[in-house]
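Written below as structure tokens is the structure these notes are about.
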Amino acid sequence: MAQEDKPIPPARPERNDERYDAQRIEQKWTERWQSDPSLYAAEAHPTKPKYYVLEMLPYPSGALHMGHVRNYSIGDALARYMWMNGYNVLHPMGWDSFGLPAENAAIKNNTPPKEWTLGNIAAMKVQMKRLGFAYDWSREVTTCLPDYYRWNQWFFLKLYESGLAYRKKSKVNWCPVCCTVLANEQVVGGMCWRHEDTPVEQRELEQWFLRITKYADELLRDLEKLSGWPEKVRIMQQNWIGRSEGTLVDFDLGGTVGPAGSTITVFTTRVDTIYGATSVQLAPEHPIVVDMIARDAELRVKVNELIAEQRRAKEAGDIGNIEKHGVFTGRYAKNPYNGEAVPVWVANYILMDYGTGAIMSVPAHDERDYEFAKKYGLEIRLVILPSSSDPEETMAEPALPFTTMDGILVNSGEFSGLSCEDAITKMSALAEEKGFGKATVTFRLKDWGISRQRYWGTPIPMVYCDKDGVVPVAEKDLPIILPDKVPITLAGGSPLASVPAFLNTTCPKCGGPARRETDTMDTFVDSSWYFYRYADAHNDKAPFDSDKIAYWFPIDQYIGGVEHAILHLIYSRFWTKFMRDMGLVKNDEPVKRLFTQGMVIKDGAKMSKNLGNVVSPDEMVERYGADATRMYSLFAAPPDRDLDWQESGIEGIQRFLGRVYRFYENHAKPQDPDWRAPLSAPLTGSARRLQRKLHQTIKRVTDDFQGRWHFNTCISAIMELLNDANRRMLGSEDAQSPATGALVKGDEIPLTLLAEVQRNIALLLAPMAPYLVHELWEMTGETGNLLKAPWPKYDPALAAEDEIEIPVQVNGKLRSVVVVPAGASEDQIKQAALADEKVRAAIAGKQVVKVIVVPKKLVNIVVR
RNA sequence: GCGGAGGUGGCGAAAUUGGCAGACGCACCAGCUUGAGGUGCUGGCGCCGCGAGGCAUAGGGGUUCAAGUCCCCUCCUCCGCACCA
């Protein structure tokens, strides 16, 4: 770097070469901001309109990554922009701090999870502050601390009281690496969402479930209200909920096999095809199959094989391509519509956890059934013919399988001749009337299993008493504190079970000896309502005060990664609806507008330790500064797209910030008497052009903040303004008079205008580069909090062009550009175009057929 | 297979309503500045062509005076879902 022993170059009054030193500036302002924690505090007694901007809270892994930086840079820019626009902004941050990594770290480093987690939080908070994010830290929420998780427990008791929390023995997804149960949502292609190489196993366990399915219909319906959410996320949730209307139909086995009874209930969306059913197919784990194999060893062997095939396919994440196998059970079941007895099969492609685990097989009108029937030689019976305006075509036999709904029933008894749609209605009604079935709705969405056999989570506040059974802990006894000294292993089973002081308690009902529940809650419980707690973070009487929620909610803008499109966001919506039904909140939905930012990638791939392409925010901040790091994450791509991190790109931003700084260094002269002087007369020439560019830039940046959030184009607009100003200043310095401060040579940019440009560049950059901008603000002699400085307004009259360039095309090809007054009439533009020499050359000797004049845009002369 | 997003210079991208394709930045080239540069500044920079000019927005067709933008077909990339009965 600079060598100190060299002679200092002679001072040049109008060119100050002091370099932009991000570290010095950012250090200075970090210290100032540190000393005023109320800087970003939301107002207690607001008279201004509110704006709640929220970014997804991080898991405290120990260090921020670039994805966080991008997420928070977007949110911070928005929050600062809204502050400057006079809103009462709530912009909080917290820590999603329960979860498995803390336990893994505990095992690896022999550090207690709490210590590890709180240490990470402290470190990451330092990073966040260094990056200059404007959070109201007085509202910080840390989910692993009792003052937060006690309300998880409180909510659990409320859920239990209202029948929304229940216990059930069930097949569960078990991750052998996590040693715990996973919710359906946490299984990705048969693998654990945290360990993409680890197949999920099926185990049978007693689990606590939350009845999210009670809200399935509303969760689906209200998606329509969420017009501020990305279409993509709404569709993903819609598919996840998976509502499907259909019919349940009972097929009678004609005698029981075992405890599961003698009725096979199938679920179908196409009851209209039931006269074409030529078999019934059961899932290998269907209770009736269980009964059957209990007394038939030969069948048992075959069914077990089907179960194994199905499990293997599920674990490989490729159940969709399983090769269909099945076995005939030797039994027949009666189709209640036509009394026909059809063979009962067991097949590996039938899933026990969807519908009823049993289907009727209609080979003529279902692809899968068709494939299966062909393979095993089952009858294929056509019962729907395509309908068409052409009567001959209607009677033609379709290519099989014919699966669409635009058909007419045939060979279907009294229903023959009906359209598919009518038939479904009438046939469902008949089933209900005769008592062998009914119309129904099934959902793909399952109840939310929240039990985790892990230590580092919220203890479930329930007690098991030999006398009274399952008993909830009394509300006054909350919180159930998670004990500190717990031996953690991955040996399986809940670590809390090995802590007698925790395990052994007394029954809240009878006072006798009892055992505590030792499972803990899924961490998605924590994140389902944390953003409500921000509104009233220190309440120790309730999770929050409903009046405060009524003021702050719904969240005006939520920003985060699309990877939470289903899990976190559907649970949060559920939690809100439950709290609304409790009377705690009035809003139906937690989030008005959702924004999902793109990933940060490097060299075309997601950053990962395996690929060695991870960019560390700390390193970027150290090398280029927080402002450059933040600005680059906004500049490199529009925020909804993936961002390819390029080292040379951030260097460009650093250079830009340096140019901004020098622009102030070279021209800022607040002590000059003209500094604040109003412009005395309308500007002309170069000065007018700079003034126009300034107002146009304010408009462009404002429009981008209001609308589509293309911060990349905001930044380029500001770059253009600076380039323009610098170009106009070029060559002026010789004639610059320190006495008057005016730049007099040639272009004549009045100092007052220059000061205005300077102030506005600072204001426009304020949401994106807070450190530099505060320094500039001070350099231009401004005092007071920049957040309270009003966002600049542009004057449309000053932004307006007085002359515009009109491209002139001949037969659609650009031939010339003419300059006309901005208000020129169509005819004036046309005349100017036709008078242009290049145009005349291009149309010489040809016949003008037509002249299209688009005012303010272009002229196109059509010739022949 | 179904659904969604996307494909524009050497690279990241811009073009917001059908109206000059490539703003802004990176890289590169030339010049200036500097004792020196991983500095600063100025200019150049889609492709072909000496030039006039021609050709260019994944590919093909269409609508239009005019298409990156609208319509049809095909290809490719990424994301989500996937025997859901």
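Here the structure is a predicted model, which means the values were calculated and not measured.
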Working to the nearest 0.5 Å, report the span between CD of A:Q281 and CG of A:N348.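 That separation rounds to 10.0 Å.
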
To the nearest 0.5 Å, how far apart are CG in A:L220 and CZ in A:R234?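 Those atoms lie 11.5 Å apart.
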
Closest to the [X] side chain, choosing from [options]:
X      : options             : value
A:S648 : B:A13, B:C41, B:C26 : B:C26
A:I852 : B:A15, B:G12, B:G19 : B:G19
A:V854 : B:C20, B:G19, B:A14 : B:G19
A:V862 : B:C65, B:C20, B:G12 : B:C65
A:I350 : B:A85, B:G19, B:A13 : B:A85
A:R662 : B:C41, B:G54, B:C24 : B:C41
A:P807 : B:C20, B:G12, B:A14 : B:C20
A:K850 : B:C65, B:A85, B:G19 : B:C65
A:Q809 : B:A13, B:C81, B:G19 : B:G19
A:Y354 : B:C84, B:C55, B:C41 : B:C84

Using 4.0 Å as the upper bound for N to carboxylate O, is an ion pair formed by [Y] and [X]?
X      : Y      : result
A:R311 : A:E285 : yes
A:R708 : A:D704 : yes
A:D703 : A:K699 : yes
A:E826 : A:K830 : no

Determine the contact category for [X]: base if any of its heavy atoms lies under 4.0 Å from a base atom, sugar-phosphate if only primed atoms, P, OP1 or OP2 are that close, otherwise nothing.
X      : value
A:L351 : base
A:G242 : nothing
A:F656 : nothing
A:R815 : sugar-phosphate
A:N723 : sugar-phosphate
A:E231 : nothing
A:K856 : nothing

Could you state the [atom1]-[atom2] distance from [X] to [N], rounded to the nearest angstrom?
X      : N     : atom1 : atom2 : result
A:I653 : B:C26 : CD1   : P     : 9 Å
A:I715 : B:A14 : CD1   : P     : 12 Å
A:I861 : B:C65 : CD1   : C1'   : 11 Å
A:I650 : B:A27 : CD1   : P     : 13 Å
A:I718 : B:C24 : CD1   : P     : 15 Å
A:E367 : B:A82 : CD    : P     : 18 Å
A:D644 : B:G10 : CG    : P     : 17 Å
A:Y624 : B:G38 : OH    : P     : 14 Å

For the residue pair A:R381 / A:T278, report whether a side-chain donor-acceptor contact shorter than 3.5 Å exists. no

Taking atom [atom1] in both [N] and [M], what distance in whole Å separates the two?
N     : M     : atom1 : answer
B:C70 : B:U63 : C1'   : 8 Å
B:A56 : B:G62 : P     : 14 Å
B:G22 : B:A13 : C1'   : 9 Å
B:C71 : B:C78 : P     : 25 Å
B:G7  : B:G12 : C1'   : 15 Å
B:C79 : B:C29 : P     : 36 Å
B:G43 : B:G53 : P     : 26 Å
B:C81 : B:C73 : C1'   : 26 Å

I'd like to check A:I274 versus A:V362 (side-chain heavy atoms, cut-off strictly below 4.5 Å). Are they in contact?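 A side-chain contact under 4.5 Å is absent here.
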
Would you mind calling B:G31 syn or anti? Take O4'-C1'-N9-C4 for purines or O4'-C1'-N1-C2 for pyrimidines, and syn is within 90° of 0. anti

Classify the ring geometry of A:F267 against A:Y354: parallel below 30°, tilted from 30° to 60°, perpendicular beyond 60°.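 Perpendicular.
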
May I ask you to evaluate whether [X] reaches the phosphate of [N], defined as a side-chain N or O under 4.0 Å from OP1 or OP2?
X      : N     : value
A:S244 : B:A85 : yes
A:R368 : B:C84 : yes
A:R641 : B:A14 : yes

Selection: residues 696-708 of chain A, any non-hydrogen atom under 4.0 Å of RNA chain B: A:R708

Counting only N and O atoms by type, is there a donor-acceptor contact under 3.5 Å from the side chain of A:H365 to the main-chain atoms of A:I384?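 Confirmed, A:H365 side chain pairs with A:I384 backbone.
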
Residue matched to [N] through Watson-Crick or wobble contacts both under 3.5 angstrom:
N     : value
B:A21 : none
B:G46 : B:C55
B:C2  : B:G80

Toward the 5' end of RNA chain B, by each residue's nearest nucleotide, A:E371 or A:K232: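 So the residue in question is A:K232.
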
Which residue lies more 5' along RNA chain B, comparing A:R655 with A:E651 via nearest heavy atoms: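 Going by which nucleotide is closer to the 5' end, it is A:R655.
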
Tell me whether the centres of the aromatic rings in A:F372 and A:Y349 are closer together than 6.0 Å. yes

Under 3.5 Å, is there any donor-acceptor pair linking the side chain of A:N860 to the base of B:C65?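 Yes.
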
